[in-house]
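A short write-up of the structure that comes next.
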Amino acid sequence: MREATRSITVVFDLGGVLIDWDPRHLYRELFDDAEEMESFLAEVTTAEWNAHQDAGRPWTEAIEILVAEHPERRELIEAFHRRWPEMLAGEIPGAVDVLAELRAGGVRLVALSNWSAETFPTARERFDFLAWFEGIVISGEVGVNKPDPRIFEHLVERFGIAPAAALFIDDSPANVDAARALGFSAIRFTDATALRRELVRLGLLPDLRPGRPRQPPDRS
């Protein structure tokens with residue numbers, strides 16, 4: 001890999017890019033009817049409600065707020081936290097292999113994720129590749145979520161990152177737009193194949209010849 005690529009910092013989102021987190025992985029087990037499940041997730045344990053935990057609100061407080069509004073749904077609401085690990089299905093197919101290729105090439109790697117500070121230790125224990133990052137900024141520890149510019153500014157200051165020499169990867173269009181507005185190059189993640197193609201185009205990964213056997217990346 002060219003020396004110039006070694007000066008690039010690649011910033012990864014976690015959920016939706018490297019880790020398959022989705023409440024549906026749990027709630028499909030708790031609902032017999034898919035429409036009823038979708039209504040519960042859209043109207044009770046909403047993305048907006050969960051975002052407050054990602055910004056640092058304690059889970060005990062969050063659960064009691066919803067139970068007060070929907071007392072008949074207490075058990076289902078409490079499951080969102082009590083059975084939270086069941087929302088983690090595993091790695092996003094192929095994405096961690098791309099991460100491993102970057103690591104093997106000596107690219108500097110950090111992570112920036114909207115995640116509750118209370119639940120993130122579960123992910124750390126489960127996913128060994130999280131130890132590959134030089135550091136990880138978790139919104140619940142900082143007290144502010146992406147796409148708020150303040151969490152990007154925190155990342156930049158903490159790790160001494162020059163946005164013009166950094167690449168940000170996230171599945172959220174709003175987060176990608178926020179990073180670009182602050183001077184980062186950014187890729188919206190859709191799947192591992194498309195991500196690798198973009199990284200090849202940027203010179204961060206080698207362009208493998210058609211028909212050439214691909215050696216699996218070292219994930220030790």
Side-chain angles (χ1 to χ4, degrees), residues 9-27 41-42 44-69 76-92 95-96 99 109-161 163 166 168-179 181-182 184 186 188-189:
T9 301
V10 178
V11 183
F12 273 86
D13 178 34
L14 298 178
V17 175
L18 297 172
I19 297 171
D20 181 3
W21 176 88
D22 191 328
R24 291 167 184 82
H25 297 316
L26 166 64
Y27 282 100
L41 295 175
V44 182
T45 55
T46 64
E48 181 181 4
W49 169 78
N50 187 55
H52 285 285
Q53 286 75 268
D54 286 350
R57 179 169 65 184
W59 274 100
T60 52
E61 178 183 336
I63 296 298
E64 288 309 312
I65 287 172
L66 282 196
V67 168
E69 296 174 359
L76 288 169
I77 292 168
E78 289 179 340
F80 203 103
H81 182 223
R82 181 169 50 85
R83 297 179 61 176
W84 183 89
E86 295 175 57
M87 299 180 187
L88 296 174
E91 300 175 3
I92 299 289
V96 178
L99 178 70
L109 301 170
V110 299
L112 173 63
S113 187
N114 285 350
W115 208 301
S116 162
E118 293 181 58
T119 57
F120 188 64
T122 299
R124 275 199 184 274
E125 291 176 7
R126 178 168 172 181
F127 299 104
D128 292 342
F129 66 82
L130 292 176
W132 298 352
F133 292 103
E134 179 181 324
I136 300 175
V137 170
I138 296 301
S139 62
E141 297 173 354
V142 178
V144 63
N145 295 353
K146 294 176 292 182
D148 191 308
R150 289 175 294 173
I151 196 167
F152 290 94
E153 291 162 0
H154 175 88
L155 175 84
V156 165
E157 182 176 351
R158 177 173 168 183
F159 294 109
I161 295 171
F168 176 70
I169 302 166
D170 199 297
D171 61 315
S172 163
N175 296 343
V176 167
D177 289 345
L182 292 169
F184 289 80
R188 184 189 174 196
F189 179 85

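Residue numbers start at 1 and run along the sequence shown. Note that these values count all heavy atoms, side chains included, but never hydrogens, waters or copies made by symmetry.
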Handout entry: Minimum side-chain heavy-atom gap Phe133-Leu99 below 4.5 Å
Key = yes
So do Pro173 and Arg188 actually touch side chain to side chain, heavy atoms under 4.5 Å? yes
Check the pair Glu91 / Phe129 against side-chain contact (heavy atoms from CB on, under 4.5 Å), numbers first and verdict last. CA-CA 10 Å; Glu91 300 175 3; Phe129 66 82; 3.9 Å; yes
Residues Gly15 and Asp171: closest non-hydrogen pair is O-OD1, 3.5 Å
Query raised in the report: Can you find a pair of side-chain heavy atoms, one from Trp115 and one from Ile19, that are under 4.5 Å apart?
Result: yes
Output for pair (Leu112 CG, Ile161 CD1), nearest 0.5 Å, gives 9.0 Å
- Task: Report yes if some heavy atom in the side chain of Val137 is under 4.5 Å from a heavy atom in the side chain of Phe159; otherwise report no.
- Result: yes
Heavy-atom nearest pair, Val156 first then Pro163, reads CG2-CG, 4.0 Å
Nearest heavy-atom approach of Arg126 to Pro85 is NH1-O, 3.8 Å
When rounded to the nearest 0.5 Å, the distance separating OG of Ser139 from CZ of Arg150 is 12.0 Å
**Prompt:** Phe80 and Leu66: side-chain contact (heavy atoms from CB on, under 4.5 Å), yes or no, with the steps?
**Reply:** CA-CA 11 Å; Phe80 203 103; Leu66 282 196; over 6 Å; no
Next item on the list: For the residue pair Ser116 and Trp59, confirm or rule out a side-chain donor-acceptor distance under 3.5 Å.
Entry: yes
CD of Glu157 to CZ of Phe152, rounded to nearest 0.5 Å, is 15.5 Å
Going by heavy atoms in the side chains, are Leu14 and Ile136 under 4.5 Å from each other? yes
**OP:** Would you indicate whether Glu61, at its atom CD, is surrounded by more than 12 heavy atoms from other residues, nucleotides or ligands within a distance under 6.0 Å?
**Re:** yes
* Asked: With a 4.5 Å heavy-atom cut-off, do Asp13 and Asn175 have their side chains touching?
  -> no
Between the CG atom in Asn145 and the CG atom in Asn114, the distance rounded to the nearest 0.5 Å is 4.5 Å
| query | Could you walk me through whether Phe168 and Leu155 pass the side-chain contact (heavy atoms from CB on, under 4.5 Å) check? | reply | CA-CA 11 Å; Phe168 176 70; Leu155 175 84; 5.9 Å; no
Is any side-chain heavy atom of Asn50 closer than 4.5 Å to a side-chain heavy atom of Gln53?
yes
The reported gap from CD in Glu86 to CG in Asp22 (rounded to nearest 0.5 angstrom) is 13.5 Å
Contacts of Asp128 meeting salt bridge (charged side-chain N to carboxylate O under 4.0 Å, His left out) (sequence neighbours excluded), chain-then-number -> none
Trp132 vs Phe127 side-chain heavy atoms within contact, under 4.5 Å: no
For Tyr27, the ring pair (Phe, Tyr, Trp, His ring centres under 6.0 Å) test, sequence neighbours excluded, returns Phe40
Review point. Can you tell me if Thr45 and Trp49 form a side-chain donor-acceptor pair at under 3.5 Å?
Key: no
dist Glu64:CD -> Glu78:CD (nearest 0.5 Å) comes out at 7.0 Å
| Backbone N or O of Asp170 within a donor-acceptor pair of the Lys146 side chain at under 3.5 Å? | no
Minimal heavy-atom distance between Ala178 and Pro147, with the atoms involved, is CB-O, 3.4 Å
When every non-hydrogen atom of Arg57 is compared with those of Ala62, the smallest separation belongs to NE-CB, 3.7 Å
- Task: Might you confirm whether atom CZ of Arg158 has over 12 heavy atoms from other residues, nucleotides or ligands at distances under 6.0 Å?
- Result: yes
Residues Val144 and Ile151: closest non-hydrogen pair is O-CD1, 3.0 Å
Q.
Under the criterion side-chain contact (heavy atoms from CB on, under 4.5 Å), I'd like the reasoning laid out for Thr119 against His81: C-alpha separation, chi angles, the key distance, then a yes or no.
A. CA-CA 8 Å; Thr119 57; His81 182 223; 4.2 Å; yes
